[in-house]
Amino acid sequence: MTDQQNHQQHASQNFETLAIHAGQEADALTGAVVTPIYQVSTYKQDGVGGLRGGYEYSRSANPTRTALEENLAALEGGRRGLAFASGLAAEDCLLRTVLVPGDHVVIPNDAYGGTFRMFAKVMERWGVQWSVADTSDPASVRAELRPNTKVVWVETPSNPLLGITDITAVAEIAHAGGARLVVDNTFASPYLQQPLALGADVVVHSTTKYMGGHSDVVGGALVTSDAALGEELVYHQNAMGAVAGPFDAWLVMRGTKTLAVRMDRHSANAERVAEMLTAHKKVAQVYYPGLPDHPGHEIAAKQMRSFGGMVSFRVAGGEEAAVEVCNRAKLFTLGESLGGVESLIEHPGRMTHASAAGSALEVPSDLVRLSVGIESVDDLLADLAQALA
Ligand SMILES: *Cc1c(COP(=O)(O)O)cnc(C)c1O
């Protein structure tokens with residue numbers, strides 16, 4: 001099927017159906033119901049240039065990766081999906097496709113530490129300028145726009161403070177200024193939030209997180225509804241080469257099939273955890289967009305299906321007390337990353353966000369971040385209670 005036909009068929013199906021079927025026709029040769037892992041680098045040609053199904057060399061295209069890429073495009077409601085070796089590889093490909101030296105980017109004051117590092121330590125050396133805005137305040141984004149601004153970068157909910165950005169409002173501001181809006185949709189996943197429908201030009205994912213969902217693969221993705229940009233991205237993906245391997249693509253696809261049911265449980269468990277923490281005397285502040293007093297609650301309620309599985313909180317007693325809570329947790333595994341079926345706990349200041357120390361993106365030292373898994377919520381609440389006791 002052509003991209004256009006795929007897009008039309010997908011528009012008529014619901015998310016849960018697309019998650020399981022989009023891009024995943026039964027194998028033409030064997031009827032295998034699950035797309036096989038095409039662990040292969042090159043393809044026999046029927047005469048010079050006689051490619052079967054367009055496959056020539058697996059950096060350019062591989063059938064397992066194609067299946068995932070069509071699945072990703074359908075889930076985000078986009079035209080073109082691309083799968084990479086990691087979230088940062090996807091970001092790098094995007095930035096080097098749409099930027100040249102001298103361009104300017106607006107980045108959020110609360111973002112994944114590695115994204116900040118990409119701008120501050122890598123892109124800057126190649127002549128890309130950046131400045132920081134509080135993207136939860138659209139006026140702050142407008143104030144940072146310059147004549148050479150080409151990209152506005154948004155993460156919503158953000159990592160690790162769960163800030164919420166109004167995607168529609170910021171898309172209008174970015175477009176009025178001649179810039180593209182990129183949304184890192186890793187925390188929400190396309191089941192909870194669809195940035196392209198709200199005006200974003202490109203969606204970024206670390207598929208390592210909720211898309212993969214089982215803490216067993218590192219991967220990244222881009223999805224766009226702009227067909228011309230999609231072609232440019234495909235060109236750069238091949239020219240730069242940081243593609244997802246066949247087995248990694250297969251693992252992410254296995255994950256996306258259950259994304260809807262997993263996200264429902266992540267959100268339900270996280271809501272209970274956020275309520276419990278809010279009532280706890282050793283907790284100074286809870287960051288969860290599902291709480292009515294969260295400053296982004298109304299916007300989150302408007303643009304998200306539910307509020308997701310990430311909860312951060314500040315521990316009364318400061319940095320050492322926060323580190324102690326992380327060390328005492330048992331069922332919540334102490335570790336980086338997020339979005340897997342198992343619950344994780346971490347101290348962003350010393351772990352995931354250590355690279356933002358001393359910058360505008362520095363995080364509070366008494367902050368603890370939870371990735372609330374899909375275990376029994378009663379067991380999760382009991383573990384947090386003992387860790388805080
Ligand atoms: C993990 C993460 C990334 C980077 O993805 P990798 O797969 O680790 O390269 C980007 N954005 C967010 C929000 C993340 O959580």
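First listed ligand is number 1; within each ligand, the first listed atom is number 1. The shown structure was predicted, so the numbers you read here are calculated from the model rather than taken from an experiment. We number each residue from 1, following the sequence as shown.
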Legend entry - Chi angles and distances behind the side-chain contact (heavy atoms from CB on, under 4.5 Å) call for Gln194, Phe15: CA-CA 11 Å; Gln194 308 232 310; Phe15 188 95; 3.9 Å; yes

Contact table ligand 1 N or O to protein N or O, d under 3.5 Å:
{"from": "ligand 1", "atom 1": "5 (O)", "to": "Ser206", "atom 2": "OG", "distance (Å)": "3.0"}
{"from": "ligand 1", "atom 1": "7 (O)", "to": "Gly87", "atom 2": "N", "distance (Å)": "2.9"}
{"from": "ligand 1", "atom 1": "7 (O)", "to": "Ser206", "atom 2": "OG", "distance (Å)": "2.8"}
{"from": "ligand 1", "atom 1": "7 (O)", "to": "Thr208", "atom 2": "OG1", "distance (Å)": "2.7"}
{"from": "ligand 1", "atom 1": "9 (O)", "to": "Gly87", "atom 2": "N", "distance (Å)": "3.0"}
{"from": "ligand 1", "atom 1": "9 (O)", "to": "Leu88", "atom 2": "N", "distance (Å)": "2.9"}
{"from": "ligand 1", "atom 1": "11 (N)", "to": "Asp184", "atom 2": "OD2", "distance (Å)": "2.7"}
{"from": "ligand 1", "atom 1": "15 (O)", "to": "Lys209", "atom 2": "NZ", "distance (Å)": "2.7"}

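- If you check the side chains of Tyr288 and Thr278, you find no donor sitting under 3.5 Å from an acceptor.
- Residues Leu344 and Val273 fall into different hydrophobic clusters, defined by Ile, Leu, Val, Met, Phe, Trp and Tyr side chains chained together at heavy-atom separations under 4.5 Å.
- Listed by chain and residue number, nothing satisfies the salt bridge (charged side-chain N to carboxylate O under 4.0 Å, His left out) test with Asp383 (two or more places apart in sequence, or in another chain).
- A 4.5 Å side-chain heavy-atom check between Arg314 and Tyr287 finds at least one atom pair inside the cut-off.
- The OG1 atom of Thr66 sits 12.0 Å away from the CG atom of Asn71 when rounded to the nearest 0.5 Å.
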